[in-house]
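The chains referred to below are lettered A, B, ... by the order of the sequence lines, with proteins before strands, and numbering in each begins at 1. For the numbers below, each heavy atom of this structure counts, side chains included, while hydrogens, waters and symmetry mates do not.
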Amino acid sequence: MPPPTTAGTLPNRALHARLLRSGALDADPSAAAPLAASAANSSLPYALSLLRAHPSTFSYNTAIRSLAHGPRPHLAVALYRSMLLGPLSNPNNYTYPSLLAACARLLPASSPTPAAAPGTAVHASLFRRGLDSRDRFIGASLLSFYAAAGDLPAARQVFDASPPGQRDLPLWNSLLHAHLSQGFYAHVLRLSRQMPAADEVTLLALVSACSHLGALDTGRWAHASYARTRRSTTRNLGTALLNMYMRCGDVESAWSVFRETLDKDVRTWSVMIAGLATNGLPRDALALFAEMKNTGVDPDSITMTAVLSACAHAGMVDEGKKFLDCMPVEYRVQPTIEHYGCVVDLLGRAGQLDEALALIKTVPFKADVVLWGALLVACRVHKNVDMGEMAAMEILKLDPQHAGACVFLSNVYADAGKWDLVQGVRSSMKEQKIYKPPGSSIVELNGVVYEFLSGDRSHPQSDRIYAMLDEICKTLSLKGHKPSTKEVTFDVDEEDKEVCISQHSEKLALALGLISTTRGDVIRIVKNLRICEDCHSVMKIVSEVYDRVIVVRDRNRFHHFKNGSCSCLDYW
DNA sequence: TTAGGGTTAG
């Protein structure tokens, strides 16, 4: 407990004295509330002695709220405990919303359920008092607490238990953001359609879910419905919309939102720069960075990541290195491990593997999985088996269950034709039950989102999809395309390779896109992993033969396929 | 009587 600070205490004591002299505190102990609230964060013992001398539920509530939003939220829980000890200060329905907010703030970032202890104890105490489902404020804060604790079923239960008459906009919004934070993006879209009303907070969740899903039609609809009712877009929503358009690969719409946003802040600029970098326009990204500097907005750490990623996508090695060197002085941003990761990626893509390794060895941090991972990808592309093996080993030292490192290791051996080593990795993964996440692709058609796994037959139009795939295969072989099977060595037997690769999730999404659109339309696909070499060349040919623009967002970047070529210029 | 809830990039 820090000692009372003079600055925080003197005016309080003066106020205290005045309250005592006038007899206000004797007449009504609640008069101590403002004093208790302002003292709580600077000197809790003082606030506590005041509350003990003049106890009232009102004053405790006010002080708990002040602590809940202050720098040490655990003190809110402590004060609640001492509130329970006094006979004249029983908690009521006003006590719990801020208390639960404090409990949510106590959770470590992205914590799994067990850390939820103080909050669940509060829930139990609410339940005992019969306050748990009577109050819409308590419902919303309870729901957000469980969402923050990563316990979506409990959050959902709070919503379901609330009387329908209490399901107001904030409660719905809490539910929406609970699903958003746990990655259930399609649920967010579905839930938003059930909502009786929507406001800006709703649209933030909806637009953000669309960004993740690549659901451009729905995102556009949300944008239009907002634009109909409001005169101007707020900066938060504007930035979310910008991000959505960029992450759906619609650079034009992103530009128009960007131009319309008048009070651009560092986030607005950063989202735009990052979006241009990943959408195959890295030089435009760097030009925009120059413009940002001229407008007097200072870049932050995120901006610099976007700038370095633009350099990496453009293969601009010297510029990237220069940015890394000068950023602490010129932009007052200390390089973080993410920034070093970008430069390792930059050097690696450009084939400067030794320099990338040297950088990893000199970073002023303990090298992490991301850093080694960037080197590993580069080793694979540039076929450096020895360094790749070393990088994978380093990753496995840091995270023995890292499926990506095992897969890469196996692929590095496969590329090099070392089949006995491939077999060794595969069986060790089987023993340790390490699985590669399955590839999945999403395509949105007429506002409906369809998801495919590899070899998926769950779509109602499955027969037509596979017929379309056959047709594509025939067209491809006429064009002289040979399936590139070297990336599938991992999970199937040799004879199944071609079949498997022809049913990759992005190809199924493409086939559905082709049968559902007409010439000149844009087909947008979002893939959870990196696009494979074969799918990449198939997309190029299909974009020409079937006259479609195909935009694929993969794990790292966008591929805009048009007239037989890709915006990444085959550098990804 | 007074007071309480939802949102903020990768």
(request) Specify the residues of residues 331-350 of chain A, ordered by number, for which at least one heavy atom lies under 4.0 angstrom from an atom of DNA chain B. (result) none
(request) Please confirm whether Phe289(A) and Tyr331(A) have ring centers closer than 6.0 angstrom. (result) yes
(message) Need one value for Arg267(A): base, sugar-phosphate or nothing, where a base atom within 4.0 Å counts as base even if backbone is also close, heavy atoms only.
(response) base
(request) Identify whether any heavy atom of Ser270(A) sits under 4.0 Å from a base atom; if not, whether one sits that close to sugar-phosphate; answer base, sugar-phosphate or nothing. (result) base
(request) Hey, could you give me the CG/OG1 distance between Asp300(A) and Thr303(A), rounded to the nearest 0.5 Å? (result) 4.0 Å
(request) Check every strand shown and say whether Ser30(A) touches a base, only sugar-phosphate, or nothing at a heavy-atom separation below 4.0 Å. (result) base
(message) Treating Thr202(A) as the side-chain partner and Asn173(A) as the backbone partner, does any N or O pair qualify as donor plus acceptor under 3.5 Å?
(response) no
(message) Looking at Arg136(A) and Asp168(A), is there a salt bridge between them, counting it only when a charged N and a carboxylate O are closer than 4.0 Å?
(response) yes
(message) By the 4.0 Å heavy-atom rule, please label Asn243(A) as base, sugar-phosphate, or nothing.
(response) sugar-phosphate
(message) Going by ring-ring contact (aromatic ring centres under 6.0 Å, His included), name the pairs with one or both residues in residues 245-266 of chain A, residues two or more places apart or in two chains.
(response) His223(A)-Tyr245(A), Trp255(A)-Phe258(A), Phe258(A)-Trp269(A)
(message) Within the 3.5 Å criterion, strictly below it, is a donor on Glu451(A) or Ser441(A) matched to an acceptor on the partner's side chain?
(response) no
(request) Look only at the side chain of Asn243(A) and the backbone of Thr239(A), and say whether a donor-acceptor pair between them is shorter than 3.5 Å. (result) no
(message) Students often get this wrong, so: under 4.0 angstrom with heavy atoms, is Arg555(A) touching a base, only sugar-phosphate, or nothing?
(response) nothing
(request) Give one of base, sugar-phosphate or nothing for Arg235(A), where a contact means two heavy atoms less than 4.0 Å apart. (result) nothing
(request) Name the first nucleotide and the last nucleotide along DNA chain B (5' to 3') that come under 4.0 Å of a heavy atom in chain A. (result) dT1(B) to dG10(B)
(message) Categorize Asp265(A) for me: base, sugar-phosphate, or nothing, with a 4.0 angstrom heavy-atom threshold over every strand shown.
(response) nothing
(message) By the 4.0 Å heavy-atom rule, please label Asp300(A) as base, sugar-phosphate, or nothing.
(response) base
(request) Give a yes-or-no answer on whether the side chains of Tyr80(A) and Tyr96(A) include a donor-acceptor pair shorter than 3.5 Å. (result) yes
(request) Run the ring-centre check on His123(A) versus Tyr146(A) and record whether the distance is less than 6.0 Å. (result) yes
